[in-house]
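There's a structure below that I have some questions on.
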Amino acid sequence: MNTPTCFSLSLTNDVAHLVLCRPAELNTMHPTFWRELDELLTQIHREGRARALVISSTGKHFSAGMSLETFAGAITMDDQSPEGRAAIFDLLTDMQATFTKLENLRIPVICAIQGGCIGGAVDMVTAACIRYASADAFFCIQEINIGMVADVGTLQRLPKLIPFAVVKEMAYTGRRLPAARAMAYGLVNEVFDTPEATLAAALACAREIATKPPVAIWGTKQAVTYARDHSVEDSLRQMGWLQGAVWSNAHVREAIIAMNEKRAGQFTPLAGLQAFKELG
């Protein structure tokens with residue numbers, strides 16, 4: 001892809017770091033943002049080089065959500081015919097799929113959140129695995145304040161993360177949820193004094209994850225995501241199939257030896273992926 005304009009992406013010590021880099025625009029989301037994010041996540045997923053992904057931002061706010069100018073021109077929402085309303089469904093399905101890529105990424109995703117995490121940004125971070133926040137951070141389901149229903153994942157994922165009544169309060173009122181309360185409810189793992197400390201903690205966590213066998217981390221993410229949406233019985237059965245697919249005596253031996261020798265383990269990275277249509 002061409003050099004992105006909304007993000008920067010780096011890879012250091014097996015950790016990918018994706019940064020929202022339009023602070024003057026409050027890192028708002030418009031079609032270019034969506035396209036670049038989708039392409040970058042696809043790249044990370046397919047390459048298999050990174051063992052964890054940290055997403056952070058710049059400026060006052062993590063992201064102020066959807067760019068309101070988008071509704072004025074870039075995206076046409078036709079509510080005057082059944083055909084137009086059906087197209088809204090298909091448009092939203094495509095937008096939802098980009099944030100679902102975060103959930104389906106082969107590696108854990110950690111968000112470092114400062115300032116406002118508003119509207120579409122809540123959709124985005126709820127698809128991550130781990131969230132750290134600075135003390136000034138807050139979360140807001142902004143959509144209700146502009147006359148619409150949150151539609152790209154917040155109302156589906158947030159009830160799996162925090163108490164249902166709190167979700168309803170946020171969704172009905174558009175009130176801000178401060179970082180301290182977000183941690184008390186379990187939305188964020190930890191709150192730090194500054195954005196710098198928040199990012200440092202996210203990167204440290206990612207580096208720790210990157211020392212584990214990548215295929216075991218892959219399997220763990222598969223298992224916990226599946227268990228969230230299925231019964232214990234179904235999840236245990238899935239776990240048996242999964243463990244049978246990824247078990248490695250060599251990885252277990254190396255992990256134990258490395259732990260005893262107080263050194264980093266040496267593990268095979270995930271395989272790169274190639275689309276079937278690209279073969280031949």
Side-chain angles (χ1 to χ4, degrees), residues 6-7 20 22-38 41 55 57 59-82 84-103 109 111 113-128 131 133 136-183 185-188 228:
C6 300
F7 301 90
L20 284 63
R22 295 172 63 248
E25 293 80 13
L26 304 181
N27 298 297
T28 49
M29 302 173 173
H30 48 60
T32 301
F33 177 103
W34 234 272
R35 181 170 59 254
E36 290 182 356
L37 178 62
D38 194 270
L41 293 176
I55 299 177
S57 191
K60 181 179 180 181
H61 295 306
F62 179 82
S63 172
M66 185 70 76
S67 171
L68 296 183
E69 292 78 12
T70 298
F71 294 105
I75 294 179
T76 301
M77 306 282 269
D78 173 17
D79 64 354
Q80 300 304 303
S81 69
R85 292 189 291 274
I88 293 173
F89 173 90
D90 292 320
L91 174 68
L92 288 176
T93 299
D94 186 60
M95 294 175 70
Q96 291 164 355
T98 295
F99 287 162
T100 297
K101 283 189 175 183
L102 287 168
E103 197 166 61
V109 179
C111 287
I113 303 159
Q114 90 287 356
C117 183
I118 301 166
V122 180
D123 295 306
M124 182 178 177
V125 304
T126 53
R131 287 159 292 276
D136 68 341
F138 65 86
F139 302 82
C140 176
I141 303 178
Q142 178 72 359
E143 288 85 348
I144 198 65
N145 293 328
I146 59 171
M148 61 178 286
V149 179
D151 54 11
V152 196
T154 289
L155 300 183
Q156 292 68 43
R157 294 188 173 98
L158 198 56
K160 306 284 179 75
L161 299 170
I162 66 175
F164 202 27
V166 179
V167 176
K168 291 181 178 180
E169 179 185 22
M170 293 176 66
Y172 297 160
T173 67
R175 293 175 184 169
R176 296 179 176 186
L177 180 71
R181 285 185 63 200
M183 185 174 73
Y185 292 136
L187 178 58
V188 300
R228 180 196 62 188

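We number each residue from 1, following the sequence as shown. Remember, it's a predicted structure, so these values are computed and weren't measured experimentally.
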For this session: Check whether more than 12 heavy atoms from other residues, nucleotides or ligands sit under 6.0 Å from atom NZ of Lys60, and answer yes or no.
Result: no

Exercise. Any side-chain heavy atom of Phe62 within less than 4.5 Å of one from Val125?
Worked result: yes

Problem set entry | Of Ile162, Leu155, Leu161, Leu102, the residue whose pairing with Thr126 passes side chain to side chain contact (heavy atoms under 4.5 Å, CB included) | Leu161

Exercise. Is there a donor-acceptor pair under 3.5 Å between the side chain of Thr28 and the backbone N or O of Ser67?
Worked result: no

For this session: Mind running side chain to side chain contact (heavy atoms under 4.5 Å, CB included) on Val152 and Thr98 for me, showing each step along the way?
Result: CA-CA 9 Å; Val152 196; Thr98 295; over 6 Å; no

For this session: Compare all side-chain heavy atoms of Met148 with those of Met66 and state whether any distance is below 4.5 angstrom.
Result: no

Problem set entry | Under 3.5 Å donor-acceptor, Gln142 side chain and Gly120 backbone | no

Exercise. Ignoring hydrogens and geometry, is there a side-chain-to-backbone donor-acceptor pair from Glu36 to Cys6 under 3.5 Å?
Worked result: yes

Problem set entry | Note, Gln114 side chain near Ser57 side chain (heavy atom, < 4.5 Å) | yes

Exercise. Between Arg157 and Thr100, does a side chain to side chain donor-acceptor pair (under 3.5 Å) hold up when you go through it step by step?
Worked result: CA-CA 10 Å; Arg157 294 188 173 98; Thr100 297; 3.0 Å; yes

Exercise. What pairs meet the side chain to side chain donor-acceptor pair (under 3.5 Å) rule with one or both residues in residues 167-183, with sequence neighbours excluded?
Worked result: Glu169-Arg175, Arg181-Tyr185

Problem set entry | For the student: nearest non-hydrogen atoms of Cys140 and Val122, plus distance | O-CG2, 3.6 Å

Seminar exercise, completed: All heavy atoms of Gly174 vs all of Asn145, minimum pair found to be O-ND2, 3.4 Å

For this session: Side-chain contact test, heavy atoms from C-beta onward, threshold under 4.5 Å: evaluate it for Phe138 versus Leu177 and give yes or no.
Result: no

Exercise. Is Gln96 reaching over with its side chain to a backbone N or O of Asp151, donor-acceptor style, under 3.5 angstrom?
Worked result: yes

Exercise. Which distance, rounded to the nearest 0.5 Å, do you find between the CZ of Phe33 and the CG of Asp38?
Worked result: 11.5 Å

Exercise. Is Arg131 reaching over with its side chain to a backbone N or O of Leu187, donor-acceptor style, under 3.5 angstrom?
Worked result: yes

Problem set entry | Gap separating the CG atom of Leu37 from the CE atom of Met124, nearest 0.5 angstrom | 5.0 Å

Exercise. To the nearest 0.5 Å, how far apart are CE in Met170 and CG in Leu158?
Worked result: 5.5 Å

Exercise. Got a donor-acceptor contact below 3.5 angstrom from the Trp34 side chain to the Met29 backbone?
Worked result: no

Exercise. With distance as the sole test, does His61 use its side chain to make a donor-acceptor pair with the main-chain N or O of Ser63 at under 3.5 Å?
Worked result: no

Problem set entry | Nearest-0.5 Å distance that lies between atom CD1 in Ile55 and atom CG in Leu41 | 6.5 Å

